[in-house]
Student: 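Provided herewith is a single structure, encoded as structure tokens, for subsequent inquiry.
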Amino acid sequence: MATERTLSIIKPDAVEANNVGAILAMIEKAGLKIVAMRMLHLSRAQAEGFYAVHKERPFFGELCDFMTRSPVVVSVLEGDNAVAKYREVMGATNPAEAAEGTIRKAFAKDIGENSVHGSDSLENAGIETNYFFPGCLLL
Ligand code: ADP
Ligand code: MG
């Protein structure tokens with residue numbers, strides 16, 4: 001299996017609810033290593049740039065309002081098949097459809113305020129990692 005790096009964001013709903021520690025514990029228990037991490041309050045421009053791929057979607061404005069509401073924790077996770085593994089640990093986008101034992105099942109409120117972001121492909125992992133941690137690129 002290939003060692004990969006992926007980008008995680010613990011979103012405002014989860015930071016506000018003091019779930020940062022519990023979410024990081026689930027990430028580490030899954031065997032993913034935190035190799036970079038920082039807390040920041042996203043600007044509108046940072047949120048819009050990060051989610052640019054969704055700019056035509058009807059929920060784009062709502063998503064950027066949510067993501068800039070309060071601080072987030074961004075981190076780079078490393079491990080075997082890290083991209084797919086973290087998507088598995090996160091659970092489905094809509095927490096109503098998320099499997100037992102996943103972060104979104106445990107903590108997410110709804111399809112918008114769903115506690116975590118994880119890159120959806122190795123290519124996007126490289127782009128997203130570089131967005132918040134310039135120089136911390138793909139292995
Ligand atoms: P994922 O985060 O699982 O990769 P998407 O890339 O499809 O999901 O969507 C990005 C984010 O946009 C979601 O995590 C969620 O916060 C928000 N979102 C997605 N679909 C909706 C929706 N129907 N209504 C409101 N917000 C949504
Ligand atoms: Mg996505």
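Both counts, for ligands and for their atoms, begin at 1 and track the order of listing. Index from 1, following the sequence. Both backbone and side-chain heavy atoms feed into the values below; hydrogens, waters and symmetry mates do not. The model shown is predicted, which means the values in this text are computed figures rather than measured ones.
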Student: Examine ligand 1 and decide if any of its atoms is less than 4.0 Å from a heavy atom belonging to M90.
Tutor: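 Heavy atoms of M90 never come under 4.0 Å of ligand 1.
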Student: Salt bridge between R44 and D65, side-chain N to carboxylate O under 4.0 Å?
Tutor: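 Here R44 pairs with D65 in a salt bridge, since their nearest N and O are under 4.0 Å apart.
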Student: In ligand 1, which numbered atoms sit nearer than 4.0 Å to a non-hydrogen atom of N114?
Tutor: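 What qualifies from ligand 1 is 13 (C), 14 (O), 15 (C), 16 (O).
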Student: So, the side chain of D110 versus the backbone of E113: is there a donor-acceptor pair under 3.5 Å, distance only?
Tutor: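 Side chain of D110 to backbone of E113, a donor-acceptor pair under 3.5 Å: yes, one is there.
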Student: Where the closest heavy atom to atom 2 (O) of ligand 1 is concerned, which of H117, R87, R104, E113 has it?
Tutor: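 Selected option, by shortest heavy-atom distance: R104.
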Student: Starting from atom 19 (C) of ligand 1, which protein heavy atom do you reach first, and at what distance in Å?
Tutor: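 Checking every protein heavy atom, the shortest distance to atom 19 (C) of ligand 1 gives F59 CZ, 3.5 Å.
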Student: Could you identify the single nearest non-hydrogen protein atom to atom 5 (P) of ligand 1 and state the distance to 0.1 Å?
Tutor: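 Residue, atom and distance for the closest contact: H54 NE2, 3.8 Å.
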Student: Looking at E62, which atoms of ligand 1 are within less than 4.0 Å of one of its heavy atoms?
Tutor: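 In order of number, 25 (C).
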Student: Please test V73 against R38 for side chain to side chain contact (heavy atoms under 4.5 Å, CB included), starting from the C-alpha separation and ending with a verdict.
Tutor: CA-CA 6 Å; V73 175; R38 106 187 134 92; over 6 Å; no
Student: Taking E4 for its side chain and A82 for its backbone only, find out whether a donor-acceptor pair lies under 3.5 Å.
Tutor: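 Flag set: sc E4 to bb A82 pair under 3.5 Å.
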Student: Which of these, V116, D13, D120, I111, has its nearest heavy atom closest to atom 15 (C) of ligand 1?
Tutor: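 Result: the heavy atom closest to atom 15 (C) of ligand 1 is in I111.
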Student: Please say which of S119, S8, S121 ends up in a side chain to side chain donor-acceptor pair (under 3.5 Å) with E128.
Tutor: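 Looking at S119, S8, S121, the match for E128 under the side chain to side chain donor-acceptor pair (under 3.5 Å) is S119.
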Student: Would you check, one step at a time, whether the test ring pair (Phe, Tyr, Trp, His ring centres under 6.0 Å) holds for F50 with Y131?
Tutor: CA-CA 8 Å; F50 184 77; Y131 193 80; 5.8 Å; yes
Student: Kindly confirm or rule out an N or O of G112 lying under 3.5 angstrom from an N or O of ligand 1.
Tutor: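 Yes, at least one N or O pair falls under 3.5 Å.
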Student: Hydrogens and angles aside, do N114 and K11 bring a side-chain donor and acceptor to less than 3.5 Å of each other?
Tutor: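 Their side chains do contain a donor-acceptor pair, which is all the 3.5 Å distance test asks for.
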Student: Could you tell me the residue and atom name of the protein heavy atom closest to atom 3 (O) of ligand 1, and the distance to it rounded to 0.1 Å?
Tutor: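 Residue, atom and distance for the closest contact: T93 OG1, 2.5 Å.
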Student: Could you list which atoms of ligand 1 come closer than 4.0 Å to a heavy atom of L63?
Tutor: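 With L63 as reference, the close atoms of ligand 1 come out as 12 (O), 16 (O), 17 (C).
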